[in-house]
Protein chains: 4
Amino acid sequence: MTTASVDAVADQDRKGPGRPRSARADEAIIEAVLELLSAGQSADALSIEAVAATAGVGKATIYRRWPNKEALLIDAVTTMKGPIPEPAGVSVRDDLVTLLAGMRTKRMHRYGKVTACLLPELVKSEEMHKVYQAGVVEPRRDVMRGVLRRGVESGELRADLDVELTLLMLSGPAIVQNMLRWNPAVPDEGFAEHLVDAVLRGARA
Amino acid sequence: MTTASVDAVADQDRKGPGRPRSARADEAIIEAVLELLSAGQSADALSIEAVAATAGVGKATIYRRWPNKEALLIDAVTTMKGPIPEPAGVSVRDDLVTLLAGMRTKRMHRYGKVTACLLPELVKSEEMHKVYQAGVVEPRRDVMRGVLRRGVESGELRADLDVELTLLMLSGPAIVQNMLRWNPAVPDEGFAEHLVDAVLRGARA
Amino acid sequence: MTTASVDAVADQDRKGPGRPRSARADEAIIEAVLELLSAGQSADALSIEAVAATAGVGKATIYRRWPNKEALLIDAVTTMKGPIPEPAGVSVRDDLVTLLAGMRTKRMHRYGKVTACLLPELVKSEEMHKVYQAGVVEPRRDVMRGVLRRGVESGELRADLDVELTLLMLSGPAIVQNMLRWNPAVPDEGFAEHLVDAVLRGARA
Amino acid sequence: MTTASVDAVADQDRKGPGRPRSARADEAIIEAVLELLSAGQSADALSIEAVAATAGVGKATIYRRWPNKEALLIDAVTTMKGPIPEPAGVSVRDDLVTLLAGMRTKRMHRYGKVTACLLPELVKSEEMHKVYQAGVVEPRRDVMRGVLRRGVESGELRADLDVELTLLMLSGPAIVQNMLRWNPAVPDEGFAEHLVDAVLRGARA
DNA sequence: TGTTAACCGAGACGGTACGTCACGTCTTACA
DNA sequence: TGTAAGACGTGACGTACCGTCTCGGTTAACA
């Protein structure tokens, strides 16, 4: 007994014949991933079978869209991260604090766990690394890079500032601290402000 | 090789009766892990069964010593990292560069991959996190902390320097860049020097 | 080949409007089944998907015509068996030999394999059993029955001969031996003659 | 949570170390097959997964013992057929009737269905054919062959009787009729007697 | 000469089962 | 008691087909 679905809205530009892919399935799958990540503790214990069952979808429907579990997780994480916050442009310091603090929102409570579970695959597969960089990291880095560049142009920051290294000095500590709780001696409270101030101390004109 | 051999040297202080644990088994297991990590590409694809087969050891012998795969990997990584480099003490700048550059040695070529595969477990299990921090991270951080403290005392660094945050500003970028190739626009060449200089620019007295 | 072509010859009496079924599709499907049975070794490993692909036909086009795989196989087998040989009528013995030998023709090399793969379905489904009996078995049995009846009428065979049982005594051994190689001690050479002679020894008037 | 069984009785002569195979598992698996064949209608719809679930056993435990579904079915069928009936030796006719009637016992009600589902595999795989012949068919044929041979020696049957062909003439009709209901015009009642009488009519001295 | 209804290919859909692999536990015989 | 070997129940893997259901596009008989 099969279930004869009522949904058949294409979600991607295919010209060929054949039944188009169900947009409903896409949503259900991503939603199932996020739900399972919320409920269950571990995120690499997330199995495709469980996702399929939760989404009410066949396994093949998942494998038709994503080549493996990690690609699916990347999409889910991208969805979870939501839109990129646009800084107000008041001052370099405030903009950077806003952006860094945005990495620690409540809705990203489990973002660290999920991303940590992605890392093995990012390190293993060059292709996955590219996808993640291009789809998740670079867009956010672009915003921050814009803030720094405007700071240089406005004279607020040193003219010879190494922008790329500075980006790394801002995001690197935030990542290992937020995600991996690397240095337990550093308090969460006011972390973004302290970090930005420390970095800017060596970056101002 | 089927039957157990002439090895029966205890490696831990037990008084009770019965056959003591074979020290040879411990070595063989760790060695097998490192060999498999070198040979195989992926590091989470390392299975206990393969370790046991390679080491010529029963699975139970492994589980008797380590509670799970990640604990075993932590021990293997610790072995792989080798001794902590002791800085010469000439200048804060040179000492920090030495320490950071030590994270990029040739023999740690695969260190990034292996560690990345540990991260999910570190994030998942609080206990594993503690073990890794205490056994691997903290000893190395202690050395770096000493360098910074001496810099403050000698007046080379600002008196009100936030030492813990500075540690994070040094190790965070190094970790994400070395391990995860986070910002491809930053060159590997001279990375340690550039990073230390940038951090120190805001840290000097 | 994407767009449907110039074929549209109805093969069944429909009156309503709408496009008639393509006779070309029917032929292509049966042909594909026979081709796959020839090429591939096993006959229950024959999948509808493979048939559709080989015939250049959609799966729905097959399911529109046959309710399941076995019904399709029965049609294919019937086609494969070809016309029923009409005995010359010279003598009962020669006619029976002719008919039995006709079950072992070269072109039926794979008939045994295919039919054996049908048996599970025949045993399972009463309806399939009827179809196969009526469409394949009974026509051939009718011819043989005619031979025996003429033998009884002509006095060549015993008047009280149990015709139906004798039919079974002729076809039963031939089936299990040809199809299933039941008794390896019985040679293929001259099998039909030996069997007919042995049966007739107890059947002559 | 695993279940730590209490059974560990070897069922096959292995000398090497390691935990011996559980005899309980063997029984449970065969029993599960027979139970499923009894309950469910179709016998090729019997899945290894269902057998494993019914037997309370892992799939791997089944695959460790039998290479595929059909080999398992052969073992199950052999078990189902039970011991070979030993003829009384009164007369050739009565002995043959006894043996043939033994193929139609009540407990073999479903034997036909099961065997029919084996046939595809027997025809497909030469190796499976040999196993079935040697393990199931030949032992029973040996008994019947002995009856015929004794009949020839005692002068009850013709001296030049083709024993092997006669075996086929007895078993062939019985198989196709009992298993496949080949000729619906032949009644089940008294089938064994009628067949034996007909065959013997041409076989007596 | 348009409808109109059934056909066609392609292929996505929710499923089931496949046979393999690794898990972590257990049970042997031997040392 | 420790050890190597290996069977155990469990459960996920990724693949192959199942039979059903859209799709966009023919194709003929009917209006």
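By convention in this document, chain letters (A, B, ...) are assigned in the order of the sequence lines, proteins followed by strands, and residues within each chain are numbered from 1. On a predicted model such as this, the values are computed, not experimentally measured, just so you know.
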5' priority, DNA chain F, between B:V57 and D:A60 [closest heavy atom]: B:V57

Taking atom types as they are modelled, would you say the side chain of A:R19 forms a donor-acceptor pair with the base of F:dC21 within the 3.5 Å cutoff? yes

Nucleotide nearest B:S47 (side chain, heavy atoms from C-beta), chosen from E:dA22, F:dC8, E:dC7: E:dA22

Hey, does A:W66 have a side-chain heavy atom less than 4.5 Å from the side chain of A:L73? no

Separation of B:L46 atom CG from E:dA22 atom C1', in whole Å? 12 Å

Min side-chain heavy-atom separation D:H129-D:V123 under 4.5 Å: no

When the distance from CG of D:L72 to P of E:dG19 is rounded to whole Å, what number comes out? 11 Å

Nucleotide nearest C:Y63 when distance is taken to its side chain, options F:dA7, E:dG19, F:dC18: F:dC18

When rounded to whole Å, the CZ to P distance for the pair C:R24 and F:dA28 reads 11 Å

What is the separation between atom CD on B:E49 and atom C1' on F:dT10, rounded to the nearest whole Å? 13 Å

Of A:R64 and D:R64, the one whose nearest nucleotide on DNA chain F sits closer to the 5' end is D:R64

Are the side chain of B:K124 and the backbone of A:D44 linked by a donor-acceptor contact shorter than 3.5 Å? no

Between atom CD1 in B:I48 and atom P in E:dC23, what is the gap in whole Å? 6 Å

Whole-Å distance between E:dA17 P and D:L36 CG? 11 Å

Any donor-acceptor pair under 3.5 Å from C:T61 side chain to C:V57 backbone: no

Which of these nucleotides, E:dC13, F:dC23, F:dG19, is closest to any side-chain atom of A:R65? E:dC13

Check the distance between E:dA12's P and A:I62's CD1 and give it to me in whole angstrom. 15 Å

Look at all strands and tell whether D:K59 reaches a base, only sugar-phosphate, or nothing, counting heavy atoms closer than 4.0 Å. base

Would you check if A:E35 and A:T54 make a side-chain contact, meaning some heavy-atom pair closer than 4.5 Å? yes

Between P of F:dA29 and CZ of C:R21, the distance in whole Å: 16 Å

